[in-house]
**Student:** 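Got a structure here, written out as structure tokens. Questions coming.
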Amino acid sequence: MDDAAVERVREVVRSIPPGETSTYGEVAARAGMPGRARMVGRILAEDGHDIPWHRVLRADGTCAKHVAQEQAARLRTEGILLVDGRLPRRP
DNA sequence: ATACTGACCACCA
DNA sequence: GTGGTGGCCAGTA
């Protein structure tokens with residue numbers, strides 16, 4: 001895969017402000033690869049770096065299964081409260 | 001090369 | 001609300 005693309009994805013994730021969230025598809029689009037949401041997921045999985053990966057949720061507002069607990073905890077730290085395992089509606 | 005899998009998504013029934 | 005289908009791309013066997 002393209003390292004530059006990976007860097008762009010990391011940059012996009014880093015640019016998500018505290019207290020805000022985004023989605024895999026959104027990150028992919030902002031990184032210049034619309035429709036590559038899966039790639040974003042794989043990158044975050046591989047990363048484990050100093051990027052706020054916990055601010056990235058699924059399109060339906062739920063957390064990825066493997067990290068749901070950790071993610072919910074981190075989000076709670078930033079003032080984001082998940083209701084029944086999902087992010088409340090945001091118009 | 002094929003086949004399966006996965007931090008995904010949109011669409012339709 | 002749920003569940004199936006097709007598309008997506010990269011890694012692994």
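Note on naming: letters A, B, ... go to the chains in the order of the sequence lines (proteins, then strands), and numbering restarts at 1 for each one.
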**Student:** Starting at the 5' end of DNA chain C and moving along, which residue's nearest nucleotide shows up first, A:Met1 or A:Arg86?
**Tutor:** A:Arg86

**Student:** Tell me which residues in residues 24-37 of chain A lie within less than 4.0 Å of DNA chain B, going by non-hydrogen atoms.
**Tutor:** A:Tyr24, A:Gly25, A:Ala37

**Student:** Looking at side-chain heavy atoms only, is the closest gap between A:Leu44 and A:Ile51 below 4.5 Å?
**Tutor:** yes

**Student:** Should A:Glu46 and A:Arg42 be marked as a salt bridge (charged side-chain N to carboxylate O under 4.0 Å, His left out) after you check the CA-CA gap, both sets of side-chain angles, and the distance that decides it?
**Tutor:** CA-CA 6 Å; A:Glu46 187 69 26; A:Arg42 216 206 74 73; 3.7 Å; yes

**Student:** List, one per line, each side-chain donor-acceptor pair under 3.5 Å for residues 66-77 of chain A, sequence neighbours excluded.
**Tutor:**
residue	atom	partner	partner atom	Å
A:Glu70	OE2	A:Arg74	NE	2.9
A:Gln71	NE2	A:His54	O	3.0
A:Gln71	NE2	A:Val56	O	2.8
A:Thr77	OG1	A:Ala73	O	3.2

**Student:** In whole angstroms, how far is the C1' atom of B:dC8 from the CD1 atom of A:Ile43?
**Tutor:** 13 Å

**Student:** Looking at B:dG6, does its base get a donor-acceptor pair with the side chain of A:Arg38 below 3.5 Å?
**Tutor:** yes

**Student:** Heavy atoms only: give me the nearest A:Val6-A:Met1 pair and the separation to one decimal.
**Tutor:** CG2-SD, 3.5 Å

**Student:** Need two values: the first and the last nucleotide of DNA chain C, 5' to 3', having an atom under 4.0 Å from any heavy-atom of chain A.
**Tutor:** C:dG1 to C:dG11

**Student:** To check you understand the geometry: which heavy-atom pair defines the closest contact between A:Pro88 and A:Leu81, and what is its length?
**Tutor:** CD-O, 3.5 Å

**Student:** If you draw a 6.0 Å radius around CG in A:Asp60, do more than 12 non-hydrogen atoms from other residues or ligands fall strictly inside?
**Tutor:** yes

**Student:** Is there a path of hydrophobic side-chain contacts, each under 4.5 Å between heavy atoms of I, L, V, M, F, W or Y residues, that connects A:Leu87 with A:Tyr24?
**Tutor:** no

**Student:** Between A:Arg14 and A:Glu11, does a salt bridge (charged side-chain N to carboxylate O under 4.0 Å, His left out) hold up when you go through it step by step?
**Tutor:** CA-CA 5 Å; A:Arg14 241 180 254 128; A:Glu11 188 54 47; 3.0 Å; yes

**Student:** A:Val9 and A:Ala31: which non-hydrogen atoms are nearest, and at how many Å?
**Tutor:** CG2-CB, 3.8 Å

**Student:** Using a 4.5 Å cut-off on heavy atoms from C-beta on, say whether the side chain of A:Arg10 contacts that of A:Asp47.
**Tutor:** yes

**Student:** Closest approach of A:Ala28 and A:Ala37, non-hydrogen atoms and distance?
**Tutor:** CB-N, 3.9 Å

**Student:** Please list, for nucleotides 11-13 of chain B, all pairs of protein and nucleotide N/O atoms separated by less than 3.5 Å.
**Tutor:**
none

**Student:** Heavy-atom distance under 4.5 Å between the side chains of A:Leu57 and A:Thr62, does that happen here?
**Tutor:** no

**Student:** Do the side chain of A:Glu78 and the main chain of A:Gly19 share a donor and acceptor less than 3.5 angstrom apart?
**Tutor:** yes

**Student:** Would you give the length of the straight line joining atom OG1 of A:Thr23 to atom CZ of A:Arg55, rounded to the nearest 0.5 angstrom?
**Tutor:** 15.0 Å

**Student:** Which stems, defined as runs of 3 or more consecutive Watson-Crick or G-U wobble pairs with both pairing distances under 3.5 Å, involve DNA chain B?
**Tutor:** B:2-6 with C:9-13, B:8-13 with C:2-7

**Student:** Looking only at heavy atoms, what is the nearest atom pair of A:Ser22 and A:Ile16, with distance?
**Tutor:** CB-CD1, 3.7 Å

**Student:** In whole Å, measure the gap between the C1' atoms of C:dT2 and B:dA7 for me.
**Tutor:** 22 Å

**Student:** Which residues within residues 51-84 of chain A lie with some heavy atom under 4.0 Å of an atom in DNA chain C?
**Tutor:** none

